[in-house]
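Per chain, numbering begins at 1; letters A, B, ... match sequence-line order. If you're wondering where the values come from, they're calculated on a predicted model, not measured in any experiment.
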2 protein chains.
Amino acid sequence: MTIRLLLADDQDLIRGALSALLDLEDDFEVVASVGRGDEVADAAAAHRPDVALLDIEMPGLDGLAAAAVLAARVPACRVVILTTFGRAGYLRRAMEAGAVGFVVKDAPPETLADAIRRVVAGERVVDPALAAATLAAGDSPLTGRERDVLNATRSGAGVADIAARLYLSEGTVRNYLSAAIAKTATRNRIEALRVADERGWL
Amino acid sequence: MTIRLLLADDQDLIRGALSALLDLEDDFEVVASVGRGDEVADAAAAHRPDVALLDIEMPGLDGLAAAAVLAARVPACRVVILTTFGRAGYLRRAMEAGAVGFVVKDAPPETLADAIRRVVAGERVVDPALAAATLAAGDSPLTGRERDVLNATRSGAGVADIAARLYLSEGTVRNYLSAAIAKTATRNRIEALRVADERGWL
DNA sequence: ACTCGGCCATGACATTTGTCAGCGGGGCCC
DNA sequence: GGGCCCCGCTGACAAATGTCATGGCCGAGT
């Protein structure tokens with residue numbers, strides 16, 4: 001019985017290469033391959049893969065969101081997240097989105113095939129080290145608004161810009177920023193953003 | 001006549017996948033595969049590849065530096081940079097380092113094989129759009145110190161920290177930062193860092 | 001009913017950051 | 001020698017940022 005796969009990654013070359021790699025295995029068949037998150041669900045509905053391999057960074061819809069849509073629309077299809085970054089927050093969010101596997105791109109090549117087979121067998125597959133890190137990072141102490149404001153900081157915008165974009169007063173924005181800085185135990189917004197990012201508190 | 005290839009990418013899975021992809025071509029043979037920049041030159045010396053495919057982000061030595069070393073130690077080996085980011089500065093630096101090809105990872109899969117063959121034939125291969133962007137970005141107007149200070153900003157450190165790290169007065173640091181902000185036509189250090197990054201002014 | 005927490009805001013304050021003008025020293029090139 | 005530019009510094013000022021106290025409005029839980 002061959003395992004039908006869907007591949008989603010925004011980098012064409014990587015997608016092609018992964019496809020080539022997976023095709024080397026006799027029991028795998030790549031039945032669909034897309035480059036945007038918002039094409040995942042349609043492709044899965046059309047081709048009925050057993051497993052969807054989703055990258056996180058994708059245009060349209062990120063892999064985590066795509067996983068959630070997929071779980072709702074094509075529940076028979078198991079989701080494995082395949083990403084560059086073994087960030088704690090990604091893993092947590094992937095699990096919440098219904099993924100059953102999580103593989104980082106610097107794992108040895110056999111890992112992927114192995115993970116796919118185990119997922120099909122009903123197991124959950126996660127790198128143990130990453131799982132530990134995720135637990136260590138704990139839940140995000142940031143409130144929704146604090147997250148919003150921190151995220152808006154990413155572009156380098158000033159308080160005024162953020163306030164405008166979020167329809168808040170400037171003072172409020174500064175307050176949230178201050179709270180975020182306190183909770184991350186840093187000394188300014190950019191450090192706060194960096195550690196919140198690392199901890200997956202986004 | 002088969003073309004001998006060396007593959008350097010820090011992500012095992014990607015390296016394996018690319019290897020699989022390239023092996024599909026009858027005239028290619030992957031003779032070496034490494035995961036660190038500082039292993040490139042030795043591997044090339046040992047296996048005498050015709051073409052080295054180097055990723056930029058690598059531990060030990062980045063792909064650009066590795067290209068320079070390779071050009072000096074194994075001049076017969078042509079260098080193709082294979083990277084995620086089609087950033088103007090990368091291309092410029094790649095060319096300065098002696099690379100003859102530059103392929104981005106979201107190019108269509110055939111592009112890579114094509115680029116390799118053309119490089120072997122003596123051509124230079126660069127995405128035209130990227131080449132144009134690189135010319136548009138122009139040479140860096142930043143002075144050495146301005147670069148240093150901007151780079152130190154990356155971690156999110158404040159003026160005082162940067163001054164300490166660079167053995168400068170705080171006022172001087174602020175002046176350089178101000179100059180960098182002016183030259184990038186932005187409004188604060190973090191925007192300045194972002195655009196300088198994009199333009200390859202590092 | 002009461003409390004707690006998130007949300008949004010204000011005002012006041014200290015600190016940091018960005019800008020500007022100006023100084024001296026050195027290297028390079030005409 | 002005289003320009004020119006980079007380097008490094010200072011001092012002064014305006015603007016942005018971070019902190020704190022305080023208040024009101026909600027919804028969820030006890």
**Request:** Look at D114(B) together with R118(B) and state whether they make a salt bridge at an N to O cut-off of under 4.0 Å.
**Result:** yes

**Request:** Answer yes or no: does a side-chain N or O of R174(A) lie under 4.0 Å from OP1 or OP2 of dA16(D)?
**Result:** no

**Prompt:** Phosphate oxygens OP1/OP2 of dT19(D): is one of them under 4.0 Å from a side-chain N or O of S178(A)?
**Reply:** yes

**Prompt:** Can you check the I162(B) CD1 to dT17(C) P distance for me, whole Å?
**Reply:** 8 Å

**Item:** K105(B) bridged to D12(A) by N-O distance under 4.0 Å
**Value:** no

**Message:** What is the distance, to the nearest angstrom, from the CD1 atom on I190(A) to the P atom on dG18(D)?
**Reply:** 11 Å

**Message:** For a quick test of reading the model: is some side-chain N or O of Y176(A) closer than 4.0 Å to OP1 or OP2 of dC8(C)?
**Reply:** yes

**Message:** Does dG18(C) have its OP1 or OP2 closer than 4.0 Å to a side-chain nitrogen or oxygen of R187(B)?
**Reply:** no

**Message:** Can you measure L177(B) atom CG to dA15(D) atom C1' for me and round it to whole angstrom units?
**Reply:** 15 Å

**Request:** When you get a sec, tell me which of dT10(D), dA21(D), dG18(C) is the closest nucleotide to the side chain of R189(B)?
**Result:** dG18(C)

**Request:** For the side chain of I181(A), starting at C-beta, report the closest nucleotide among dT10(D), dG18(D), dC8(C).
**Result:** dG18(D)

**Message:** Can you tell me if Y167(B) touches the phosphate of dG8(D), counting only side-chain N or O atoms and a distance under 4.0 Å to OP1 or OP2?
**Reply:** no

**Message:** Between R87(A) and E198(A), does any NZ, NE, NH1 or NH2 come within less than 4.0 Å of an OD or OE carboxylate oxygen?
**Reply:** no

**Prompt:** Can you tell me if R4(A) uses its side chain to pair, donor with acceptor, with the backbone of V30(A) under 3.5 Å?
**Reply:** no

**Item:** Spacing between K183(A) atom NZ and dG18(D) atom P, to the nearest angstrom
**Value:** 16 Å

**Message:** Need to verify one output field. Residue with the more 5' nearest nucleotide on DNA chain D, S169(B) or P141(B)?
**Reply:** P141(B)

**Request:** Look at R15(B) together with D10(B) and state whether they make a salt bridge at an N to O cut-off of under 4.0 Å.
**Result:** no

**Asked** With a 4.0 Å cut-off on heavy atoms, is R145(B) in touch with a base, just the backbone sugar-phosphate, or nothing at all?
**Response** sugar-phosphate

**Message:** At less than 4.0 Å, is any side-chain N or O atom of T172(A) found next to OP1 or OP2 of dC7(C)? Yes or no.
**Reply:** no

**Prompt:** Can you check whether G156(B)'s main-chain N or O pairs, donor with acceptor, with N188(A)'s side chain at less than 3.5 Å?
**Reply:** yes

**Message:** Below 4.0 angstrom, which residues in residues 147-160 of chain B have at least one non-hydrogen atom near DNA chain C?
**Reply:** G158(B), V159(B)

**Prompt:** Between dA21(C), dG18(D), dC20(D), which nucleotide has the shortest distance from any of its atoms to the side chain of N175(B)?
**Reply:** dA21(C)

**For atom CD of E191(A) and atom P of dT17(D), their distance in whole Å** = 16 Å

**Message:** Need one value for N188(A): base, sugar-phosphate or nothing, where a base atom within 4.0 Å counts as base even if backbone is also close, heavy atoms only.
**Reply:** sugar-phosphate

**Asked** Under 4.0 Å between a Lys/Arg side-chain N and an Asp/Glu carboxylate O for D161(A) and R187(B)?
**Response** yes

**Prompt:** Of T143(B) and E170(B), whose nearest nucleotide on DNA chain D comes first from the 5' end?
**Reply:** T143(B)

**Request:** Kindly say whether T143(A) contributes a backbone atom to a donor-acceptor pair with the side chain of E146(A) at under 3.5 angstrom?
**Result:** yes

**Message:** I need the CG-P distance between L142(B) and dC5(D), as an integer number of Å.
**Reply:** 16 Å

